Peer 1: 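Dumping the structure here so I can ask a few things about it.
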2 protein chains.
Amino acid sequence: MIDADQKFEEFLKLKELKYTSERKFVLKAIFSFHKHFDVEELFEKLREQGNHISRATIYRTIPLLLQSGLITEALHCQDKTSYENIFNKKHHDHLVCINCGKIIEFYNERIEKLQEEVCKQHNFVPIEHRLGIKGYCEDCYKKIKKETK
Amino acid sequence: MIDADQKFEEFLKLKELKYTSERKFVLKAIFSFHKHFDVEELFEKLREQGNHISRATIYRTIPLLLQSGLITEALHCQDKTSYENIFNKKHHDHLVCINCGKIIEFYNERIEKLQEEVCKQHNFVPIEHRLGIKGYCEDCYKKIKKETK
DNA sequence: AATGATATTGAGACTTAATTGCAATGAAAA
DNA sequence: TTTTCATTGCAATTAAGTCTCAATATCATT
């Protein structure tokens, strides 16, 4: 099985770019998140791991990771851009709780198929899509109902 | 038929806020766009219409328009946040061309229903959703195919 | 119509995410 | 080992968006 390191290295080689230790550390840090992350969190994670990588380098590495298909931009929750590791993960969409921020991932084959149909109808060639549903998760909805009683 | 002005005024009254001439002008400018717009474009449109409204006021008015349901945030295309007038418009989703920026609106009843199903399965109470498909429109796809020949 | 309480405005300072220029450094091919 | 050129960190810069505050406008009440 190909690992992410290898995939990134191949991507960089193809672009005639170098696989530096900084880029290796950034990738490693990303894979130690099990949820979405933003640049600031990544910066701190790197320090925790003993790697002082500058923010500039992180900002410069992210477009490469996006292009190589290892990560993807997540929904803009507030103001910061956040990302998600998608290496060897099946595509999925999101339910986002606007109260507690919880993110539920889902995948629905029929929705995917219907999207393809829509694209065909418009002679549109899809590259990627994003479906985000905002609302209240079970717990938060219960809480809110109680409060307004 | 209720017009947008009236709807906004009622919303403001409910919140015990004032319907100032600045807010009126902002609303008017928004309705003279027939596509998505961002804050800078809105600022310029207002000047064209002879109304010098400060950016600060625009930034302060937008959350009110969002809350009142007159506009909605559009997909983050690049870096700027852009908005869309949705007054008396049926909900729709978007196909966005990553080459020319063209936006095609679509509505698919079955996708909507399936989303409701997904939410039920997760005991999630949806408030709003957004589906954006990025790719190439017919024209751009043709152009690109030609170039790579 | 005048009054008064309070929301609103514009200007510019400020905050924060993201980008860029540049000199020093590092990777890898020759 | 040398040479070439991408990469790095730092700090300055840009740009979106927010905030402060004094002056002003709105609207309910008199």
Side-chain angles (χ1 to χ4, degrees), chain A residues 5-6 8-30 36-47 49-68 71-83, chain B residues 5-6 8-30 36-47 49-68 71-83:
Chain A
D5 258 288
Q6 221 172 315
F8 195 32
E9 193 169 2
E10 277 165 22
F11 168 81
L12 291 169
K13 191 163 270 173
L14 213 73
K15 290 227 148 196
E16 301 189 325
L17 300 174
K18 292 165 183 170
Y19 195 24
T20 62
S21 57
E22 283 83 359
R23 287 175 182 162
K24 226 172 279 204
F25 288 140
V26 169
L27 188 59
K28 181 187 158 203
I30 282 171
H36 297 201
F37 61 89
D38 60 39
V39 170
E40 204 51 35
E41 288 166 340
L42 187 49
F43 179 76
E44 278 156 29
K45 176 73 83 179
L46 279 158
R47 304 208 130 206
Q49 298 180 343
N51 302 307
H52 287 230
I53 309 290
S54 74
R55 270 171 254 264
T57 296
I58 295 174
Y59 277 112
R60 285 187 281 228
T61 306
I62 280 172
L64 299 172
L65 291 163
L66 285 168
Q67 276 177 61
S68 68
I71 63 171
T72 189
E73 241 184 73
L75 295 174
H76 283 255
C77 287
Q78 325 264 21
D79 35 359
K80 291 183 181 181
T81 308
S82 69
Y83 304 91
Chain B
D5 257 290
Q6 221 172 316
F8 196 32
E9 193 169 3
E10 277 165 24
F11 167 82
L12 292 169
K13 190 164 271 172
L14 214 73
K15 290 227 150 197
E16 300 189 325
L17 299 173
K18 291 164 184 174
Y19 195 24
T20 63
S21 58
E22 284 83 359
R23 287 175 181 162
K24 228 172 278 205
F25 289 140
V26 170
L27 188 59
K28 183 186 156 204
I30 282 172
H36 298 200
F37 61 89
D38 61 38
V39 169
E40 205 50 36
E41 289 167 339
L42 187 49
F43 179 76
E44 278 156 28
K45 175 74 83 180
L46 279 159
R47 303 207 131 207
Q49 298 179 342
N51 301 308
H52 286 230
I53 309 290
S54 75
R55 270 172 253 264
T57 296
I58 295 175
Y59 277 112
R60 284 186 283 226
T61 306
I62 280 173
L64 299 172
L65 290 162
L66 285 168
Q67 277 178 60
S68 69
I71 65 172
T72 189
E73 240 183 72
L75 295 175
H76 284 255
C77 288
Q78 326 263 23
D79 37 358
K80 291 184 182 182
T81 309
S82 70
Y83 303 92

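Chain letters run A, B, ... following the sequence lines, proteins first, then strands; residues in each count from 1. These numbers come from a predicted model, not from an experiment. What you see below is based on every heavy atom in this structure, not just the backbone, and it leaves out hydrogens, waters and symmetry mates.
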Peer 1: Take the protein atom OH of B:Y59 and the nucleotide atom P of D:dA15, then report the distance between them rounded to whole Å.
Peer 2: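 So the OH-P distance, B:Y59 to D:dA15, works out to 12 Å.
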Peer 1: Which comes earlier along DNA chain D counting from the 5' end, the contact point of B:R60 or that of A:R60, where each point is its nearest nucleotide?
Peer 2: A:R60
Peer 1: Going by side chain to side chain contact (heavy atoms under 4.5 Å, CB included), B:V26 matches just one of B:L64, B:L46, B:I62, B:T20. Which one?
Peer 2: B:L46
Peer 1: Can you tell me if the side-chain N/O atoms of A:R23 get under 4.0 Å from OP1 or OP2 in D:dT8?
Peer 2: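 Yes, because at least one side-chain N or O of A:R23 sits under 4.0 Å from OP1 or OP2 of D:dT8.
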Peer 1: Just how far is it from atom CG of B:L42 to atom CZ of B:F25, taken to the nearest 0.5 Å?
Peer 2: 13.5 Å
Peer 1: Of B:R55, B:K80, B:K45, which meets side-chain hydrogen bond (donor to acceptor under 3.5 Å, both in side chains) against B:E40?
Peer 2: B:R55
Peer 1: Quick check for you: to the nearest 0.5 Å, what is the distance between A:Q67 atom CD and A:L12 atom CG?
Peer 2: 10.0 Å
Peer 1: Any side-chain N or O of A:T20 below 4.0 angstrom from OP1/OP2 of D:dA6?
Peer 2: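 For D:dA6, OP1/OP2 do not have a side-chain N/O of A:T20 under 4.0 Å.
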Peer 1: Compare side-chain N and O positions of B:K18 against OP1 and OP2 of D:dC27 and report whether any pair is under 4.0 Å apart.
Peer 2: no
Peer 1: Taking the nucleotide of DNA chain D with the closest heavy atom to each, which residue, B:A56 or B:E9, is nearer the 5' end?
Peer 2: B:A56
Peer 1: Could you tell me the separation between the CZ atom of B:F43 and the P atom of D:dA16, rounded to a whole number of Å?
Peer 2: 12 Å
Peer 1: Could you tell me the separation between the CG atom of B:L12 and the C1' atom of D:dA25, rounded to a whole number of Å?
Peer 2: 15 Å
Peer 1: CD/A:E41 to OG/A:S82 distance, rounded to the nearest 0.5 angstrom?
Peer 2: 8.0 Å
Peer 1: Given the ring of B:Y19, does B:K13 sit roughly above its face, with NZ or CZ under 6.0 Å from the centre of the six-membered ring and within 45° of the axis?
Peer 2: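 No, B:K13 does not lie over the aromatic ring of B:Y19.
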Peer 1: Could you check how far CD1 of A:I58 sits from P of D:dT8, rounded to whole Å?
Peer 2: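 Rounded to the whole Å, the gap is 11 Å.
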Peer 1: Where does the chain A footprint on DNA chain C start and end, counting 5' to 3' with a 4.0 Å heavy-atom cut-off?
Peer 2: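 Counting from the 5' end, contacts occupy C:dA17 to C:dA27.
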Peer 1: Could you give the OH-to-P distance, from B:Y83 to D:dA16, as a whole number of Å?
Peer 2: 12 Å
Peer 1: Tell me: NZ of B:K13 to P of D:dT26, nearest whole Å?
Peer 2: 15 Å
Peer 1: What orientation do A:Y83 and A:F37 show, parallel under 30°, tilted 30 to 60°, or perpendicular over 60°?
Peer 2: tilted
Peer 1: How many Å lie between CG on A:L17 and P on D:dT8, as a whole number?
Peer 2: 10 Å
